[in-house]
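Please read the structure below before turning to the comments.
We name chains A, B, ... by the order of the sequence lines, and we start the count at 1 in each one. Side chains included, hydrogens not; waters and symmetry mates left out as well; all remaining heavy atoms used. The shown structure was predicted, so the numbers you read here are calculated from the model rather than taken from an experiment.
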Amino acid sequence: MKLVAFVSDYRMPVDTLDRLKPEKLGIILVQNGVYHATTKENGNPSSLLNYSADYFVLQEDLETRGYTSSDVDSKVKVISLGDVVDLIFNDYEKTAWL
Amino acid sequence: MKLVAFVSDYRMPVDTLDRLKPEKLGIILVQNGVYHATTKENGNPSSLLNYSADYFVLQEDLETRGYTSSDVDSKVKVISLGDVVDLIFNDYEKTAWL
Amino acid sequence: MATTKLGFVVQRPPYKSENPKLALTHAISSQSVEIYLEDGDLVTADIAFVGDGVLNCKKDQKAMEHYGLSSTESHIKMSLLLDLNVLVCKEDLERFGMTENDIVIDAEEFGADVEVKVVPYDEIAKMMEEMNHLLFF
Amino acid sequence: MATTKLGFVVQRPPYKSENPKLALTHAISSQSVEIYLEDGDLVTADIAFVGDGVLNCKKDQKAMEHYGLSSTESHIKMSLLLDLNVLVCKEDLERFGMTENDIVIDAEEFGADVEVKVVPYDEIAKMMEEMNHLLFF
Amino acid sequence: MGKLTIGCFASLIGSMNLDFAVKLSGAALEKGHKVDLWVSGNATMLSIEKQREFKDYSSLEKPLKELMEKGLKVTACEACAEARGYHKENTMEGFQRFSMDWYLASIFDADRVLHIGGE
Amino acid sequence: MGKLTIGCFASLIGSMNLDFAVKLSGAALEKGHKVDLWVSGNATMLSIEKQREFKDYSSLEKPLKELMEKGLKVTACEACAEARGYHKENTMEGFQRFSMDWYLASIFDADRVLHIGGE
């Protein structure tokens, strides 16, 4: 299956991403999920960026928290809400809000 | 200071307990905090039980989740809500709900 | 005449969040959805407990006695009574040192025919593949 | 004539929970508490950001532009305007690779005299000792 | 163009999940999709009329009404609302109230579903 | 005997933090202590009258009224309530509404404070 997962927390209370093995995985960082794209701890990027997945981050949630595109890890593409809609309809079949 | 901390989650979203170093520390496990007293993972007790503290667990929250006193780690004392009130007033000065 | 298959995946422990209970009550509502649909159309609900979610299945929950609240256990039994497919991840149970003896397996007292199935995660993954949509709780 | 000293400890990042904002608005309300007290009695509020809580202090938050919502940043500035003692844990800032340049330090534009103090955790621990009560957010 | 059904369980104010759900509904409508929004649990708070607007709190009555005019269908779980003391009398005009099977029926012919769990 | 001030920010239904706060208030009153309960944020939901009782949802109107008769003082943050559409007209009898400084004033002469953060 083609699955797009939404990550909205910085400290994930669930480990479901470790289990999901879809043939195609997208991860959209929204709300406090954006810190995974912007914030290193002791110099290390978030381990959430280690999955074999396409990564996206919602621009307005990034800016709400004081960050800009230039703060974002190079693995992660900055997108708009309209892009989120297109990803859901055109690139993936199922969604998971974790 | 004498501080009593309430732990109500199984997956802690904050690491404040690692920082607090009161002269006397009590930890009361309530709500989903009770799993720290009852549940081993891969045979290991919860690392939350490693602090140098007096541990308590609320009996009714234990039973609500399907456990009894006999499931509780020997470090942890099973108490009632009345006992919680006495601990707050008689044994500690400050509280922290984490 | 179409069927839409939904997978309800419960990842969180009970009570500290309303989500696990709402997962079960929403899944149970698949039994009455026909009033909105045309003849022969169906919505089915499969339920899987994974990760800390397996803690919802613990037997002997006393939520009614202590909080006047129906337990997650009673909702699992209701799901069985309505013939829903309820899966529990075997590896996660084992991680917590739990066996089939520790969890709700049947609802014989209500006359339920089906039982909770403890299965390897691979079977849950297969179920998720087969569903039309997934709902994570 | 008595003073009760409260320590507000913010441990969570902003927005995903209302708590950090409520910490600041409740701390700010210490400025108007006298209407309930006798002459000379006081309640003071010190605020400390620790752990992921230091992310509340990031500069240039655009919550108003995107969500029509006052930012946590603006509430920190309001706290400074009201002369509250605002501490930020130095070690946690460093863990995130952040410096004083990344966070709100002053509210000069509103005429605030005091500044946010980036301090080692030991000083926050000392503050917590000195308080009569602690409120964790 | 397709149909998106969004479910949300979070409070009006707090996690900002409902802000996200409402904004995403708007973006999908903008692109010509049909959108159903189901609110259950604490999210039934969205259905109450006369929320007072303050800059310190999420306020969604106005944007929601605009989206309803553009075709957004929004429904609250009746039991979840009643348990919280939210009754028909103080429900926003145009906001439907049904039992949980409405959500599943909406999903029946949806092309995509986004179920926003968490609180 | 002392005075305990409890603050709580969580919804009526969900985390069960309010169930805990109300039960703890009862246990403290039982032991002869004075108890003030402050609800802010989503916990202002506790103040609404006519919550319908279902076995599937926490329901605190009845136990709360019993504790108020035993001397529990309970106050909701007015702005937090208004922002959610909870107005004076549908507030439970005896439930006070004040601004946040009421909480701090209650703490002023409290012997112990339990501030229940989290949602």
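- In this pair, F/Trp38 and D/His26 present their aromatic rings perpendicular. The plane angle is above 60°, beyond the 30 to 60° band.
- Counting non-hydrogen atoms of neighbouring residues, nucleotides and ligands closer than 6.0 angstrom, the CD atom of D/Glu38 reaches no more than 12 such neighbours.
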### Task
Run the numbers on F/Ile107 and D/Val43 for side chain to side chain contact (heavy atoms under 4.5 Å, CB included), then give the verdict.
CA-CA 9 Å; F/Ile107 291 177; D/Val43 176; 6.0 Å; no
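- Proximity to chain F is limited to the side chain of D/Leu37, based on heavy atoms less than 4.5 angstrom apart.
- Around atom CE of D/Met131, more than 12 heavy atoms belonging to other residues, nucleotides or ligands sit under 6.0 Å away.
- At most 12 non-hydrogen atoms from other residues, nucleotides or ligands lie less than 6.0 angstrom from CD of F/Glu30.
- Within a 6.0 Å radius of CD in F/Glu49, more than 12 heavy atoms belonging to other residues, nucleotides or ligands are found.
- Taking both residues in full, the closest heavy atoms of D/Leu22 and F/Ser40 are given as CD2-OG, 4.2 Å, listed atom of the first, atom of the second, then distance.
- By the 6.0 Å contact criterion, NZ on D/Lys59 is enclosed, its count of non-hydrogen atoms from other residues, nucleotides or ligands being greater than 12.
- To the nearest 0.5 angstrom, F/Leu104 atom CG is 6.0 Å from D/Ser30 atom OG.
- D/Glu18 and F/Asn42 get closest at one heavy-atom pair: OE1-N, 4.1 Å.
- Tested against F/His115 for a ring pair (Phe, Tyr, Trp, His ring centres under 6.0 Å), the candidates D/Phe137, D/Phe8, D/Phe136 yield a single pass: D/Phe137.
- Aromatic ring centroids of D/Tyr36 and F/Phe108 lie 6.0 Å or more apart.
- Only the side chain of D/Ile35 has a heavy atom closer than 4.5 Å to any heavy atom of chain F.
- In this structure, chain F has no heavy atom under 4.5 Å from any part of D/Ala45.
- The 12-atom threshold is not exceeded at NZ of F/Lys73, counting heavy atoms of other residues, nucleotides or ligands nearer than 6.0 Å.
- Other residues, nucleotides and ligands contribute over 12 non-hydrogen atoms within 6.0 Å of the NZ atom of F/Lys3.
- For F/Cys80, the part lying under 4.5 angstrom from a heavy atom of chain D is the side chain only.
- Smallest separation of non-hydrogen atoms from D/Ser32 and F/Asp101: OG-OD2, 2.7 Å.
- For F/Glu93, the CD atom is loosely surrounded, since the number of other residues' heavy atoms within 6.0 Å does not exceed 12.
- Here F/Leu114 contributes atom CG and D/Leu134 contributes atom CG; the two are 11.5 Å apart, rounded to the nearest 0.5 Å.
- Between the OG atom in D/Ser17 and the CZ atom in F/Phe9 there is a gap of 9.0 Å [rounded to 0.5 Å].
- F/Thr5 OG1 to D/His133 NE2: the interatomic distance, rounded to the nearest 0.5 Å, is 7.5 Å.
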